[in-house]
Peer 1: 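Dropping a structure here in structure tokens format, bear with me for questions.
A note on names: the letters A, B, ... follow the listed sequences, proteins ahead of strands, and every chain is numbered from 1. The shown structure was predicted, so the numbers you read here are calculated from the model rather than taken from an experiment. Because only heavy atoms are used, hydrogens play no part in the values below, and waters and symmetry mates are left out as well, while side chains stay in.
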Amino acid sequence: MNNEAAPLNFIEHIIEEDLTKGYKKDQLCFRFPPEPNGYLHIGHASSICLNFGLGERYNAPVNLRFDDTNPAKEEQEFVDAIKRDISWLGYEWATECYASDYFQQLYDWAVQLIKNGKAYVDSQTSEAIAEQKGTPNTPGKPSPFRNRSVEENLDLLEKMKNGETKEGEHVLRAKVNMESPNMLMRDPVMYRTINKNHHRTGTDWKIFPMYDWTHGESDYIEQVSHSFCTLEFLPHRELYDWFLDQVYDSEKLRPKQREFARRNLSHTVVSKRKLAQLVSAGVVNGWDDPRMPTISGLRRRGYTPDSIKNFADSIGVGKRENLIDVSHLEFNVREDLNKIAPRIMVVLDPVKLIIDNYPEGKTEMLEAENNQEDESAGYREVPFTKELLIERDDFLEEANRKFFRLTIGKEVRLKNAYIIKGESVVKDADGNITEIHCSYDPDSKSGSGSEASLRKVKGTLHWVSAEHALPVEVRLYDRLFTEASPDTNKEKDFMEFINPDSLQVITGYAEPSVKDSKIEDKFQFQRLGYFVVDKDSTSQKLIFNRTVPLRDSWSKLAE
RNA sequence: UGGCCCAUGGUGUAACUGGCAACACGUCUGUUUUUGGUACAGAAGAGUCUAGGUUCGAGCCCUAGUGGGCCAACCA
């Protein structure tokens with residue numbers, strides 16, 4: 001009925017196995033837990049698709065939980081952006097949660113830990129604590145404060161909480177094992193004092209819980225069954241379980257953490273910290289710059305939610321290091337846009353084409369199909385006149401037989417219009433072509449059904465009437481980095497690999513039908529690529545971002 | 001000098017409890033086409049890091065080696 005034999009990924013195998021070992025299907029619960037300290041990127045999109053995809057597959061709730069335990073880095077702006085991005089992708093979270101909602105519960109549990117002799121206040125400097133922690137190769141040493149009395153610990157924690165102590169003066173540490181081979185188990189810090197305004201709790205709390213103390217307990221509070229995170233948290237699992245042991249009530253569901261490899265995309269960086277660096281250094285114009293691999297950047301670039309979700313599904317999840325080529329992402333946008341984007345004609349690098357035997361002053365309105373992949377897309381009209389604009393590289397005075405475009409003496413089709421034959425060129429003093437003259441076959445009108453119109457010619461060009469052309473700004477984007485993996489070079493910083501030509505702004509000449517386009521409208525500029533109307537557009541000037549060029553087997557031949 | 005994780009065509013993933021390695025992207029050929037796009041048909045490309053072991057039989061299990069990654073923030 002439901003099992004389509006679609007291969008399961010290892011995460012799904014884990015769930016299926018748990019289902020056969022006692023977990024009930026209605027106990028399944030997942031979560032996506034971003035820290036609101038930056039915008040979501042394509043890597044998060046994979047995680048979102050994984051977690052929300054599981055929610056859909058198992059009909060289980062998926063919570064959106066903001067891991068907001070560090071007021072020094074987090075802001076409401078990011079909370080809003082994250083919610084916007086997830087919604088745009090088309091997912092609905094079951095409950096909007098905040099780790100900060102659990103501060104009191106966490107505090108109460110911390111008190112309990114102290115009473116059980118499982119936590120203590122350390123009053124050393126962070127340097128001293130780091131020193132005693134040892135290294136991966138050498139065991140740590142116990143803090144001199146490790147055996148403070150329960151009363152003193154309770155009293156100090158209370159003072160920390162009330163803001164009666166200074167930042168950095170004391171921390172609360174779990175009493176685990178200073179000799180553990182796992183550094184995270186060497187009495188990890190649970191609370192530190194931060195005198196900053198928190199975006200939700202304001203100044204109510206002076207102490208803030210650390211990630212490890214917060215995450216698993218939050219999962220437990222929400223009764224999340226499976227807590228999926230990236231591989232770098234694998235060593236945290238032991239601590240996750242240890243903390244859970246301290247508060248776990250066997251009547252309740254016990255969450256489990258499992259890890260998958262983060263997805264790396266070629267020619268970009270997938271790290272909030274590095275993306276923030278690109279923003280603050282002014283390399284890009286904000287988190288939603290169309291060159292950014294952020295969800296909002298991809299959106300502005302013209303990607304669709306489906307294209308991103310299909311991408312995430314198709315690359316799957318694994319546990320090994322990976323570098324996914326951007327061509328994979330690009331395939332997914334093209335596939336989606338091909339089905340839905342109306343086609344229009346826009347000339348990006350114009351040269352004038354004059355039809356010598358076409359009547360002066362005449363304007364014909366020709367019918368053009370909006371999308372041959374979608375009959376319901378209908379038709380539009382485009383004006384045709386004696387003077388047109390075509391792409392410079394669609395003409396060559398003389399060319400070999402592999403060149404399917406306009407040359408002197410050869411015929412080509414003008415898309416949706418007539419068959420023309422190259423006659424002559426006019427050049428300026430420097431030898432640049434300023435005008436191409438041609439003749440047209442009046443009987444060859446597209447769609448007329450005449451014998452002449454059915455004639456096969458070697459190529460078809462897009463064009464626009466010079467008189468009617470609408471000048472538009474076109475932003476041609478290219479990959480942000482010249483290296484496939486800019487941030488894994490041992491010698492050089494990733495900032496050294498920034499592609500200086502990642503953005504080229506030009507003026508294009510569009511057919512007049514686009515005039516009333518709205519922001520985020522997507523088009524295929526025929527024979528060129530997919531473009532989207534940018535939010536910087538005004539009623540005076542349309543601005544298009546190039547999402548991705550069409551696949552181009554000619555450029556390889558031409559090389 | 002430690003602990004843990006990982007290792008399948010160029011890239012990313014599959015291969016249920018061991019039974020002659022599959023899918024997608026990319027690449028290359030053709031066909032169709034008023035987009036050198038799309039669609040369709042087809043091809044090449046790995047014998048599963050290495051060496052042992054268990055087994056009638058191993059990509060799947062075991063051991064060792066090699067290679068890569070992670071771990072010493074009062075970040076998440």
Peer 1: Taking CG from Asn332(A) and C1' from U13(B), how many angstroms apart are they, rounded to a whole number?
Peer 2: 14 Å

Peer 1: What is the distance, to the nearest angstrom, from the NZ atom on Lys133(A) to the P atom on G2(B)?
Peer 2: 22 Å

Peer 1: In whole Å, measure the gap between the P atoms of G3(B) and G65(B) for me.
Peer 2: 11 Å

Peer 1: Examine the base of U35(B) for any acceptor or donor lying under 3.5 Å from a partner atom in the side chain of Gln524(A), and report the outcome as yes or no.
Peer 2: yes

Peer 1: Ignoring backbone atoms, establish whether Arg413(A) has a side-chain N or O less than 4.0 Å from OP1 or OP2 of U33(B).
Peer 2: no

Peer 1: Take the protein atom CZ of Arg263(A) and the nucleotide atom P of A24(B), then report the distance between them rounded to whole Å.
Peer 2: 18 Å

Peer 1: Nearest to the side chain of Asn70(A), which nucleotide is it out of C6(B), G36(B), A76(B)?
Peer 2: A76(B)

Peer 1: Under 4.0 Å between any heavy atoms, over every strand shown, what does Val189(A) touch: base, sugar-phosphate, or nothing? Just pick one.
Peer 2: sugar-phosphate

Peer 1: Could you tell me whether the phosphate oxygens of C6(B), OP1 or OP2, come under 4.0 Å of any side-chain nitrogen or oxygen in Lys319(A)?
Peer 2: yes

Peer 1: According to a cutoff of under 5.5 Å between the ring centres and under 30° between the ring planes, does Phe331(A) stack with the base of G26(B)?
Peer 2: no

Peer 1: Is there a donor and acceptor pair closer than 3.5 Å between the side chain of Arg405(A) and the base of G36(B)?
Peer 2: yes

Peer 1: Could you check how far CD of Gln124(A) sits from P of A73(B), rounded to whole Å?
Peer 2: 15 Å

Peer 1: For Trp554(A) and G36(B), do the ring centres fall under 5.5 Å apart while the planes stay under 30° apart?
Peer 2: yes

Peer 1: Distance check, C1' atoms only: A43(B) and C60(B), in whole angstrom units.
Peer 2: 30 Å

Peer 1: Please determine whether a side-chain nitrogen or oxygen atom of Thr138(A) lies at a distance below 4.0 Å from atom OP1 or OP2 of G2(B).
Peer 2: no

Peer 1: When you check the phosphate oxygens OP1 and OP2 of G12(B), does a side-chain N or O of Arg262(A) lie under 4.0 Å from one of them?
Peer 2: no

Peer 1: Write down the distance between CD (Glu17(A)) and P (U17(B)), rounded to a whole number of angstrom.
Peer 2: 9 Å

Peer 1: If you assign each of Ser553(A) and Leu234(A) to its closest nucleotide in RNA chain B, which residue comes earlier from the 5' end?
Peer 2: Leu234(A)

Peer 1: Nearest to the Asn137(A) side chain among U1(B), A14(B), C74(B), which nucleotide is it?
Peer 2: U1(B)

Peer 1: Would you call Glu391(A) and Arg527(A) a salt bridge, taking side-chain N to carboxylate O under 4.0 Å as the test?
Peer 2: no

Peer 1: Does Arg65(A) come within less than 4.0 Å of Glu222(A), counting only side-chain N to carboxylate O?
Peer 2: yes

Peer 1: In whole angstroms, how far is the P atom of U35(B) from the NZ atom of Lys415(A)?
Peer 2: 5 Å

Peer 1: Toward the 5' end of RNA chain B, which comes first, Thr460(A) or Glu335(A), by nearest nucleotide?
Peer 2: Thr460(A)

Peer 1: Checking side-chain contact (heavy atoms from CB on, under 4.5 Å) between Lys166(A) and each of Glu164(A), Glu169(A), His170(A), which is the one that passes?
Peer 2: Glu169(A)

Peer 1: Say we look at C62(B) and C40(B): how far apart would their P atoms be, to the nearest angstrom?
Peer 2: 43 Å

Peer 1: Taking OP1 and OP2 of G36(B), is either one under 4.0 Å from a side-chain nitrogen or oxygen of Arg527(A)?
Peer 2: yes

